[in-house]
Amino acid sequence: QEQLVESGGGLVQPGGSLRLSCVASGFTTNAYAIGWLRQAPGKEREGVSCISARDDSTYYIGSAKGRFTISRNKANNTVYLQMNNLRPEDTAVYYCAAVRIVTAQAMCLQRFAMDYWGQGTQVTVSS
């Protein structure tokens with residue numbers, strides 16, 4: 001059974017850091033763009049950061065540039081999101097998703113339906 005499982009969310013103070021992990025099972029992620037999307041209460045879902053399948057090129061939403069880093073380890077089917085200098089406006093449920101053979105930008109801009117979703121992990125940034 002194909003699935004994505006996220007971990008690493010939690011409560012952190014402003015300026016703090018978290019590292020989210022997304023482990024894929026039941027399928028090989030080599031041919032998939034993998035990304036992190038988030039949804040805060042009352043707001044639309046937005047793509048935060050995505051990494052392409054072909055060349056590991058990356059895309060970041062403007063507010064994440066310089067603070068977040070996405071990476072993938074194809075050997076263990078895992079994608080990470082390192083989040084530094086977190087702000088209260090980063091508070092949201094973060095979802096890992098995968099979509100076959102698209103660019104990182106297209107994935108994060110949600111121009112294609114995702115093939116797989118994780119269950120989500122809560123990130124709360126508050127003092």
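The first residue in the sequence is number 1, and the count goes up from there. No experiment lies behind these values; they were computed from the predicted model shown.
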Donor-acceptor check, side chain of [X] to backbone of [Y], threshold 3.5 angstrom: yes or no?
| X | Y | value |
| --- | --- | --- |
| Glu6 | Cys96 | yes |
| Ser57 | Ser52 | no |
| Asp115 | Arg100 | yes |
| Glu46 | Ile61 | no |
| Arg72 | Thr29 | yes |
| Asn77 | Ser25 | no |
| Tyr60 | Ile70 | yes |
| Arg67 | Asn85 | yes |
| Ser49 | Tyr59 | yes |

Practice prompt. Using the side chain to side chain contact (heavy atoms under 4.5 Å, CB included) rule, take Tyr80 and Asn73 through it: C-alpha gap first, then chi angles, then the decisive distance, then the call.
Written response: CA-CA 8 Å; Tyr80 305 96; Asn73 184 328; 4.3 Å; yes
When rounded to the nearest 0.5 angstrom, what is the spacing between [atom1] in [X] and [atom2] in [Y]?
| X | Y | atom1 | atom2 | answer |
| --- | --- | --- | --- | --- |
| Gln105 | Thr103 | CD | OG1 | 6.0 Å |
| Leu20 | Arg38 | CG | CZ | 11.0 Å |
| Cys22 | Leu81 | SG | CG | 10.5 Å |
| Tyr116 | Tyr32 | OH | OH | 4.0 Å |
| Gln122 | Thr91 | CD | OG1 | 7.5 Å |
| Ile34 | Ser71 | CD1 | OG | 12.0 Å |

Shortest non-hydrogen separation from [X] to [Y] and the atoms involved:
| X | Y | result |
| --- | --- | --- |
| Tyr94 | Ala92 | CD1-O, 3.4 Å |
| Arg87 | Ser63 | NH1-O, 3.9 Å |
| Ser17 | Gln82 | CB-NE2, 4.0 Å |
| Met107 | Cys50 | CG-SG, 3.8 Å |
| Gln119 | Val5 | OE1-CA, 3.8 Å |
| Ser21 | Trp36 | O-CH2, 3.5 Å |

Next on the checklist: Taking Ile51 as the starting point, is it possible to reach Phe68 by hopping between hydrophobic residues whose side chains are less than 4.5 Å apart?
Outcome noted: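 Yes; Ile51 is reachable from Phe68 via cluster members.
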Transitive ILVMFWY side-chain link Val99 to Val79, under 4.5 Å: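 Unlinked, Val99 and Val79 end up in two clusters.
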> Parallel, tilted or perpendicular: which fits the ring planes of Trp117 and Tyr95, with parallel below 30° and perpendicular above 60°?
Replying inline: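 Answer is perpendicular, since the angle exceeds 60°.
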More than 12 heavy atoms of other residues, nucleotides or ligands under 6.0 Å from CD of Glu44: yes or no?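 12 or below, so no.
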Practice task
Determine, step by step, whether Val12 and Met83 satisfy the side chain to side chain contact (heavy atoms under 4.5 Å, CB included) criterion, reporting the C-alpha distance in whole Å, the side-chain angles of both residues, the deciding distance to 0.1 Å, and the verdict.
Solution key: CA-CA 11 Å; Val12 65; Met83 304 188 294; over 6 Å; no
